[in-house]
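Inspection log for the structure reproduced underneath, given as structure tokens.
The figures that follow rest on heavy atoms only: side chains count, while hydrogens, waters and symmetry mates do not. Just so it is clear: chains get the letters A, B, ... in the order the sequence lines come, proteins before strands, and each one is counted from 1.
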2 protein chains.
Amino acid sequence: MLSIGTLGKRTGTKVQTIRYYEQIGLMPEPGRTEGGQRRYEDAELDRLAFIRHSRELGFSLEAIRELLDLSDNPERSCAQIDAVAQKQLHKVEARIARLEALRIELRRMIGECHADRVADCRILEVLRDHEECLSEH
Amino acid sequence: MLSIGTLGKRTGTKVQTIRYYEQIGLMPEPGRTEGGQRRYEDAELDRLAFIRHSRELGFSLEAIRELLDLSDNPERSCAQIDAVAQKQLHKVEARIARLEALRIELRRMIGECHADRVADCRILEVLRDHEECLSEH
DNA sequence: TATACGATCTACAGCTACTGTAGGTTCAAG
DNA sequence: CTTGAACCTACAGTAGCTGTAGATCGTATA
């Protein structure tokens, strides 16, 4: 029987976050002591660990909900799980590509400025100037 | 004299977003027509373009506020602007590093699963298992 | 057994950076 | 003058938490 604080420490989750997961139905309503405090079983610890690990991998709460639903039906095909993971991988890769473009522009911007006064600052110029920017979309 | 819609189209910004920027003090309160509609000058167009371009580069609204303040004092040293840009570059690089670690784990996870049934799915196992994960922080 | 004090409780507000909606008004083209 | 797109305000909602206030609970120690 674990208190919410213990659960939090074991999984690196804030107490409020656990209550929030309960509120949105991602975590089940646990048993309570006579005084009304939450008490958890190991199964709930595992579930929370799953959620947190998935969050660390960047899965949205919606995706995690889907994964949890799927894992409740162990006889079904795991193609759907693969699809969720693939989608996440694509998202991560798209974000990397975007950030790498940003990095290049930021580096160029910073490298170009050797001014002293704000008035001559190339960084501001680049930010003001829309010619050579990323906004093709 | 530009309407808010025109401003939006020229900068790729939704009308509500412009009003939001005004509300939080990032854009000035523009003049109005007799009927109460906003009318902008070219200076405001430039300011909005600056904001949007900076947003595209991942700067937070707070950072942009700082950059705009600095650029209002063109005689000051541009070292502060450089610092803001450097900080942003570090943030971007940190995010890239993090996402690259995620990509590796996601790829490994997906590559390892050749199961049919959810019950045997390696992806879920990896997500459940905290042994080999990223959570050193 | 009494007490102290940290942990927990509920309920709600706040964060970032917008986006969407409802219900009404204004502008400009035809 | 009419029509319809664009505009107005005000407010709620999004994700994923985090923080606060004020009250109650649980347990280790005296």
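- Heavy-atom contacts from other residues, nucleotides or ligands closer than 6.0 Å to CD of A:E75 number more than 12.
- Cluster membership check: B:L7 does not share its hydrophobic cluster with B:M1, using side-chain heavy-atom separations under 4.5 Å among Ile, Leu, Val, Met, Phe, Trp and Tyr.
- Mapped onto DNA chain D by nearest heavy atom, A:G36 and A:K14 fall at different nucleotides, with A:K14 at the one closer to the 5' end.
- The shortest distance between the side-chain N/O atoms of B:R38 and the OP1/OP2 oxygens of D:dC7 is not below 4.0 Å.
- A heavy-atom distance below 4.5 Å is not found between the side chains of A:I81 and A:E66.
- For the pair A:M1 CE and D:dG26 C1', the computed distance is 15 Å after rounding to whole Å.
- Each of A:I4 and B:Q37 was assigned the nucleotide of DNA chain C with the nearest heavy atom; the assignment lying further toward the 5' end belongs to A:I4.
- Note on A:S3: every side-chain N or O is 4.0 Å or more away from OP1 and OP2 of D:dG26.
- Remark: the A:Y40 side chain and the A:R47 side chain contain no N/O donor-acceptor pair separated by less than 3.5 Å.
- Atom CG in B:L61 sits roughly 11 Å away from atom P in C:dT19 (whole-Å rounding).
- Where A:E62 and A:R19 meet DNA chain D, the nucleotide closest to each residue was compared, and A:E62 sits on the side nearer the 5' end.
- Distance A:Y20 OH to C:dG14 C1': 14 Å, rounded to the nearest Å.
- Rounded to a whole Å, the CD atom of B:Q16 is 16 Å from the P atom of D:dT14.
- The side chain of B:R32 contributes an N or O atom lying less than 4.0 Å from OP1 or OP2 of D:dT9.
- Distances shown here put a side-chain N or O of A:Y21 below 4.0 Å from the OP1 or OP2 atom of D:dC17.
- When heavy atoms are screened at a 4.0 angstrom cut-off, B:F59 is found touching no nucleic acid atom at all.
- Summarising the geometry, the separation between CD1 on B:I18 and P on D:dA6 is reported as 14 Å, rounded to the nearest angstrom.
- Distances shorter than 4.0 Å separate none of the side-chain N or O atoms of B:T17 from OP1 or OP2 on C:dA17.
- The separation between A:L2 atom CG and D:dG26 atom C1' is 16 Å, rounded to whole Å.
- Distance CD (B:Q23) to P (C:dC18): 13 Å, rounded to an integer number of Å.
- When the side-chain nitrogen and oxygen atoms of B:R39 are compared with OP1 and OP2 of D:dC7, none of them lie within a distance under 4.0 Å.
- Between A:E29 atom CD and C:dT10 atom C1' the separation is 14 Å, expressed in whole Å.
- Using a 4.0 Å cut-off, no side-chain N or O of B:S60 falls inside it from OP1 or OP2 of C:dT16.
- Put simply, the side chain of B:H90 does not reach to within 4.5 Å of the side chain of B:K87, judged on heavy atoms.
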